[in-house]
Peer 1: 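Attaching a single structure in structure tokens format; questions to follow.
Just so it is clear, the model here is predicted, and its values are computed rather than measured.
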Amino acid sequence: MKKTLLTLACTLLTAGSATAQVCENFAGAYFSKMSDNGRFLVEDNQGDIRVYDRETKKVYEYLIGESENNLYTPGFGNAITNDGYLVGSDNQGCLIFYQDQILRTIEEPTGVGSTMNALHAISTDGSRLAGGLAPDGASFGDEGTMGYPAIWNIAEDGTYKCVKLDYPKKDMLGLDPQRVTPYDMSGDGKVVIGEVVDNSGMNPYPIVWFEQEDGSWKWEILAENLWWDSEKTAALPPYPVEPTEPDATKYMSEEDVEKYNAAVAEYNQAVADAMAGLIGWDELPENPESNKASYISDEAKNKEYVDALVQYESDNADYWTKVEEFQALADEATTGASMSYNNLFISKNGKYFAANYERADPNADPWDMWAASLVSPMLIDLSSPERTVTIGDDNNHLTSCVTDNGMLICNSPAQSYDSRCAYVLRPGEKKAVSLYDYFKAEKADAAVKFLDENYRFDVTKVEYDEDFNEITSVVKDSLVTGSAFCTSDGKKFAGFMY
């Protein structure tokens, strides 16, 4: 059962002046976004969205209602403007939420019949949006690239016109990426960041698009050496081509096809009857799928099909051998590291890309399929020609935002909300300090007092011995700050906890 939510909205108007610090509690809310002026707070709760206007005290609700097939989702990046325009999506496509309105004024040239079109970021002035489009009819698990990048520019009539962005058509192994999705955008809308998810779906890595002086866009993969060895990936052979099993019905006469289809229908009905307990499983007839050749009446066609099937089985065995060989080479060419999924941010000034560097824990139990990964905060300086990468020393900290001077906010533990606390990684440093210690160092006395008075708990710690017996202990007076994020100037903080 979910515990009562307690949300911290701690606003530091001037970090060094206690008289200018305002701290508020919002019980029962889950804030995942905040406008850069700190006025609007966004709650995303299992398909419902609420926007809190801290100035007027109004709450704008966008609820699922009776239709659970239409879930509202805010964008993952800089998704809300200082005047309260929020971008996001539902199962029908891209949306803008504003006060009591839900606006569908966004051109969507593809994605008909798909639920994967989405907006994730909006520029400071609201003139540009960024997000992803899907091919018509696309759904999760389809072959090929299921999502690709786009931006939208506002037109004179107030609608948004789509511009499809170029993107790498192949992943690092030369295969179709599953998707290439923009998740965030700089305040001026001229730098867009996102992730490429490789063909396997297991390895997201960073991509950035820069708008050029002539209005065109240029993409760039970031920190390649963290994810793969470029020389080895370039030397990979083409991925093997999977053979196609021969279609038995192409060798059948019309009468053969009728008999075969009738046998399939009879078998499927028998399976349904067995599942319903009407007959025993031992009473099932032979599955026609297991002996299609027996339904081909023409002897010459029958032999032709059998020969084709034998050749297919040989080709298929050879195919899987080549797949194993390719995968062995691919494992040597890649590092096994990746970004954390859907968790990347850009500073409002467009200078810094923040995400996480995730890799396997070399000390984990090799038989533990749930072993946690090492998750470290990662900062990429987009303003430096070499795209300097800084990886924090902490191995269990999930990044939540980046300020205009390159300061990271991250939260630990990375893969659990239980007793999570917020940390700050200052520019130029590699070891994060707790949010509490950061406030103390910044002489944010009101915020320190606020945390001391509201966020100290007796926390029950649960551990297990080697026989899986539960061992509990209580840690008294524990400071738990929850998950936090902040505005681009590093002066206004918000967060939530379970």
Side-chain angles (χ1 to χ4, degrees), residues 75-79 87 89 94 106-111 116-135 145-154 160-172 176-198 203-224 226-227 338-355 378-389 399 401-402 404 406 488:
F76 287 3
N78 289 315
V87 297
S89 60
C94 301
I106 302 97
E107 178 188 23
E108 298 180 63
T110 65
M116 297 164 60
N117 286 5
L119 295 177
H120 288 296
I122 183 169
S123 62
T124 300
D125 63 4
S127 66
R128 178 168 285 173
L129 317 175
L133 292 172
T145 301
M146 296 179 291
Y148 57 88
I151 61 165
W152 287 260
N153 296 317
I154 196 167
Y160 286 88
K161 303 302 181 184
C162 180
V163 177
K164 297 178 183 179
L165 297 179
D166 189 22
Y167 62 95
K169 304 304 188 293
K170 299 295 181 181
D171 66 11
M172 69 286 201
D176 294 337
Q178 279 199 5
R179 58 179 173 82
V180 183
T181 308
Y183 279 129
D184 210 352
M185 181 169 55
S186 60
D188 63 7
K190 295 182 180 295
V191 187
V192 175
I193 65 168
E195 70 181 13
V196 179
V197 177
D198 76 330
N203 300 296
Y205 52 91
I207 184 172
V208 59
W209 292 265
F210 295 101
E211 185 177 22
Q212 308 299 296
E213 291 185 2
D214 62 0
S216 63
W217 289 82
K218 182 179 179 181
W219 60 263
E220 179 183 327
I221 301 299
L222 299 172
E224 286 188 6
L226 292 179
W227 328 117
S338 68
M339 288 199 311
S340 300
Y341 282 102
N342 308 338
N343 197 74
L344 52 153
F345 311 91
I346 190 172
S347 58
K348 278 283 187 178
N349 60 11
K351 291 185 177 182
Y352 299 102
F353 182 120
M378 178 178 70
L379 182 73
I380 302 176
D381 186 350
L382 299 178
S383 66
S384 67
E386 60 275 15
R387 311 289 188 240
T388 305
V389 178
T399 303
C401 69
V402 58
D404 279 346
S488 62

Peer 1: In terms of side-chain heavy atoms, does Tyr148 have a donor or acceptor partner in Thr110 at a distance below 3.5 Å?
Peer 2: yes
Peer 1: Above 12 or not: heavy atoms from other molecules or residues under 6.0 Å from CD of Glu386?
Peer 2: yes
Peer 1: Met378 vs Val389, test: side-chain contact (heavy atoms from CB on, under 4.5 Å). Steps then yes/no.
Peer 2: CA-CA 7 Å; Met378 178 178 70; Val389 178; 4.0 Å; yes
Peer 1: With no hydrogens and no angle check, is any side-chain donor or acceptor of Trp227 less than 3.5 Å from a backbone partner on Met339?
Peer 2: no
Peer 1: Of the non-hydrogen atoms in Pro177 and Thr145, which two are nearest, and what is the gap between them?
Peer 2: O-OG1, 2.8 Å
Peer 1: Where do Leu344 and Glu195 come nearest, in terms of heavy atoms and distance?
Peer 2: CD2-OE1, 3.8 Å
Peer 1: What pairs with Asn342 under side chain to side chain donor-acceptor pair (under 3.5 Å), at least two apart in sequence or on another chain?
Peer 2: Arg179, Tyr183
Peer 1: Give a yes or no on this: more than 12 heavy atoms of other residues, nucleotides or ligands lie within 6.0 Å of atom NZ of Lys218.
Peer 2: no
Peer 1: Has the side chain of Asp381 got a donor or acceptor atom that lies under 3.5 Å from a matching backbone atom of Thr388?
Peer 2: no
Peer 1: Tell me every residue that passes salt bridge (Lys or Arg N to Asp or Glu O under 4.0 Å) with Lys190, counting only those two or more places apart in sequence or in another chain.
Peer 2: Glu211
Peer 1: At their closest point, which heavy atom of Val180 faces which heavy atom of Pro168, and how far apart are they?
Peer 2: CG2-O, 4.3 Å
Peer 1: Please confirm whether the backbone N or O of Cys162 pairs with a side-chain atom of Glu107, one donor and one acceptor, at under 3.5 Å?
Peer 2: yes
Peer 1: With sequence neighbours left out, write down each residue that passes side chain to side chain donor-acceptor pair (under 3.5 Å) with Asp171, or none if nothing qualifies.
Peer 2: none
Peer 1: Could you tell me which residues satisfy side-chain contact (heavy atoms from CB on, under 4.5 Å) with Cys401, sequence neighbours excluded, listed by chain and number?
Peer 2: Ile409, Phe485, Cys486
Peer 1: I would like to know whether Ile346 and Phe353 meet side-chain contact (heavy atoms from CB on, under 4.5 Å); could you show each step before the answer?
Peer 2: CA-CA 5 Å; Ile346 190 172; Phe353 182 120; 5.6 Å; no
Peer 1: Kindly say whether Asn153 contributes a backbone atom to a donor-acceptor pair with the side chain of Arg128 at under 3.5 angstrom?
Peer 2: no
Peer 1: Could you report the tightest heavy-atom contact between Gly194 and Trp209, atom names first, then the distance?
Peer 2: N-CZ3, 3.9 Å
Peer 1: Kindly say whether Ala355 contributes a backbone atom to a donor-acceptor pair with the side chain of Thr399 at under 3.5 angstrom?
Peer 2: yes
Peer 1: Mind running side-chain contact (heavy atoms from CB on, under 4.5 Å) on Trp152 and Leu119 for me, showing each step along the way?
Peer 2: CA-CA 9 Å; Trp152 287 260; Leu119 295 177; 3.4 Å; yes
Peer 1: Could you check whether any side-chain N or O of Asn78 sits under 3.5 Å from a backbone N or O of Met185, counting only pairs where one atom can act as donor and the other as acceptor?
Peer 2: yes
Peer 1: Of the options Leu222, Val192, Ile193, Ile221, which is the one that meets Ile207 in a side chain to side chain contact (heavy atoms under 4.5 Å, CB included)?
Peer 2: Ile221
Peer 1: According to side chain to side chain donor-acceptor pair (under 3.5 Å), who are the partners of Ser488, at least two apart in sequence or on a separate chain?
Peer 2: Asp36
Peer 1: Working to the nearest 0.5 Å, report the span between OH of Tyr205 and CG of Leu226.
Peer 2: 13.5 Å
Peer 1: Can you name the nearest heavy-atom pair linking Asn203 to Ser338, along with the distance?
Peer 2: CA-CB, 4.1 Å
Peer 1: Please name the pair of heavy atoms, one in Ala150 and one in Pro182, separated by the smallest distance, quoted to 0.1 Å.
Peer 2: N-CG, 4.0 Å
Peer 1: So, the side chain of Thr181 versus the backbone of Gly132: is there a donor-acceptor pair under 3.5 Å, distance only?
Peer 2: no
Peer 1: Return the CG to CD1 distance between Asp184 and Ile122, rounded to the nearest 0.5 Å.
Peer 2: 12.0 Å
Peer 1: About how many Å separate NZ of Lys164 and CD1 of Ile151, when rounded to the nearest 0.5 Å?
Peer 2: 13.5 Å
Peer 1: Could you work out, with side chain to side chain donor-acceptor pair (under 3.5 Å) as the rule, every residue matching Lys170, not counting sequence neighbours?
Peer 2: Asp176
Peer 1: Atom CG in Asn349, atom CG in Asp188: separation rounded to 0.5 Å?
Peer 2: 9.0 Å
Peer 1: Kindly say whether Gly187 contributes a backbone atom to a donor-acceptor pair with the side chain of Thr124 at under 3.5 angstrom?
Peer 2: yes
Peer 1: Any donor-acceptor pair under 3.5 Å linking the side chain of Asp166 with the backbone of Trp217?
Peer 2: no
Peer 1: Donor-acceptor pair, His120 side chain versus Phe76 backbone, under 3.5 Å?
Peer 2: yes
